[in-house]
Amino acid sequence: MSNCLFCKIINNEIETDFVYEDDKVVVFEDINPQAPVHILIVPKEHKENIMALKKDEFDIIAHIHKVAVKMAKKYDIYDEGFRLVNNNKEKAGQTVFHIHYHLLGGRVMQWPPG
Ligand code: AMP
Ligand code: ZN
């Protein structure tokens, strides 16, 4: 989508260092980190949120979780634990309307979230 921030990052229209990339996703560090480790796992295909996925399109979500585990190992938060967050729509805190998962770690997390 032409005016989507994450599509621009994926298409290299906004220069961003990818810490991981494969044929389905890119991963980069959040510009406003909320924890010592805060990276975003973003599918290359534009979909506004997980409700926009058709029934046969949910394999990407399993893939994102697989990449999250790989990144937890890379960032050394696999053993101590981490949080994986996906906000859907404004009320949940979504500000970029292209599916993404936050991988957060490196500190004690609170529950319930704000
Ligand atoms: P959400 O609020 O769940 O939609 O998450 C969007 C995230 O994108 C926020 O945590 C922002 O800090 C992050 N963000 C916005 N612009 C950029 C950017 N140019 N590079 C990296 N992260 C960004
Ligand atoms: Zn997009």
Side-chain angles (χ1 to χ4, degrees):
M1 254 188 98
S2 57
N3 63 347
C4 168
L5 174 68
F6 286 174
C7 282
K8 286 181 182 158
I9 288 176
I10 289 159
N11 295 329
N12 294 312
E13 290 167 47
I14 295 174
E15 202 184 315
T16 304
D17 288 332
F18 296 150
V19 298
Y20 174 83
E21 181 177 8
D22 63 25
D23 57 326
K24 299 185 191 71
V25 298
V26 296
V27 182
F28 51 89
E29 293 185 354
D30 197 291
I31 203 167
N32 183 23
Q34 301 301 312
V37 177
H38 186 175
I39 60 176
L40 300 173
I41 306 168
V42 184
K44 287 185 171 176
E45 189 175 342
H46 179 90
K47 299 279 179 185
E48 204 167 306
N49 54 43
I50 62 169
M51 292 85 90
L53 293 169
K54 298 190 179 81
K55 276 185 188 162
D56 63 349
E57 291 177 334
F58 276 86
D59 286 359
I60 187 65
I61 303 302
H63 184 70
I64 288 169
H65 280 240
K66 225 187 279 182
V67 171
V69 172
K70 195 194 280 274
M71 293 300 106
K73 286 179 181 158
K74 180 181 166 86
Y75 281 84
D76 205 22
I77 53 172
Y78 179 93
D79 288 332
E80 66 190 41
F82 56 85
R83 185 170 286 176
L84 195 56
V85 176
N86 166 236
N87 297 322
N88 291 282
K89 296 199 174 179
E90 289 93 336
K91 198 169 180 179
Q94 187 175 10
T95 59
V96 179
F97 297 94
H98 178 133
I99 293 175
H100 55 280
Y101 278 68
H102 301 252
L103 175 65
L104 298 142
R107 67 167 170 83
V108 174
M109 300 288 162
Q110 305 301 316
W111 194 264

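Start at 1 and go down the list; that is how both ligands and their atoms are numbered.
Taking a cut-off of under 4.0 Å to the non-hydrogen atoms of E29, the atoms of ligand 1 that pass are 21 (C). Residue contact check: H102 has heavy atoms under 4.0 Å from atoms 1 (P), 3 (O), 5 (O), 7 (C), 10 (O) of ligand 1.
The N/O atoms of D30, backbone and side chain alike, include one that comes under 3.5 Å of an N/O atom in ligand 1. Of the N or O atoms in I9, none lie within a sub-3.5 Å distance of an N or O in ligand 1. Note: no N/O pair closer than 3.5 Å links Q94 and ligand 1 by distance alone. When only interatomic distances are considered, the shortest N/O to N/O separation between G93 and ligand 1 falls below 3.5 Å.
Atoms SG of C7 and ND1 of H98, as seen from the Zn ion (ligand 2), are separated by an angle of 110°, to the nearest 10°.
Ligand 1 has no atom lying under 4.0 Å from any heavy atom of F97. The shortest separation from a heavy atom of T16 to ligand 1 is not under 4.0 Å, leaving the residue out of contact. Residue Q34 places no heavy atom under 4.0 Å from ligand 1.
Annotation: side chain of V96 is not in contact with side chain of L40 (no heavy-atom distance under 4.5 Å). When side chains are defined from C-beta on, M71 counts as touching I39, because their heavy atoms get closer than 4.5 Å. Side-chain contact between N87 and T95: absent, with no pair of heavy atoms (C-beta onward) separated by less than 4.5 Å. N49 is not listed as a side-chain neighbour of F97, based on a closest heavy-atom distance of 4.5 Å or more. Taking the side chain as every heavy atom from C-beta outward, H98 and I10 approach each other to under 4.5 Å. Counting heavy atoms from C-beta on, the side chains of F18 and N12 come closer than 4.5 Å. Side chains of H63 and D22 form a contact here, defined as non-hydrogen atoms less than 4.5 Å apart.
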Point to revise | R83/W111 under side-chain contact (heavy atoms from CB on, under 4.5 Å): CA gap, chis, key distance, verdict | key: CA-CA 11 Å; R83 185 170 286 176; W111 194 264; 3.5 Å; yes
Point to revise | Verdict with reasoning, Y101 to I61, per side-chain contact (heavy atoms from CB on, under 4.5 Å) | key: CA-CA 9 Å; Y101 278 68; I61 303 302; 3.6 Å; yes
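Looking at L40 against ligand 1, only its side chain comes within 4.0 Å, counting heavy atoms. Here F6 has side-chain heavy atoms under 4.0 Å from ligand 1, and that is the only part of it that gets that close. Counting heavy atoms closer than 4.0 Å to ligand 1, residue N87 contributes side-chain atoms (C-beta onward) but none from N, CA, C or O.
For atom 20 (N) of ligand 1, the closest non-hydrogen atom on the protein side is I31 CB, 3.8 Å. Regarding atom 1 (P) of ligand 1, its nearest protein heavy-atom neighbour is H100 NE2, 3.1 Å. When hydrogens are left out, the protein atom nearest atom 16 (N) of ligand 1 is L5 CD2, 3.3 Å; that is the closest non-hydrogen contact.
Between H100 and H102, the gap from one ring centroid to the other is short of 6.0 Å. If you look at Y75 and Y20, their ring centroids are not closer than 6.0 Å.
Within H46, the N, O or S atom lying nearest to the Zn ion (ligand 2) carries the name ND1.
Of all the listed residues (I99, N32, T95), T95 holds the heavy atom that lies closest to atom 4 (O) of ligand 1.
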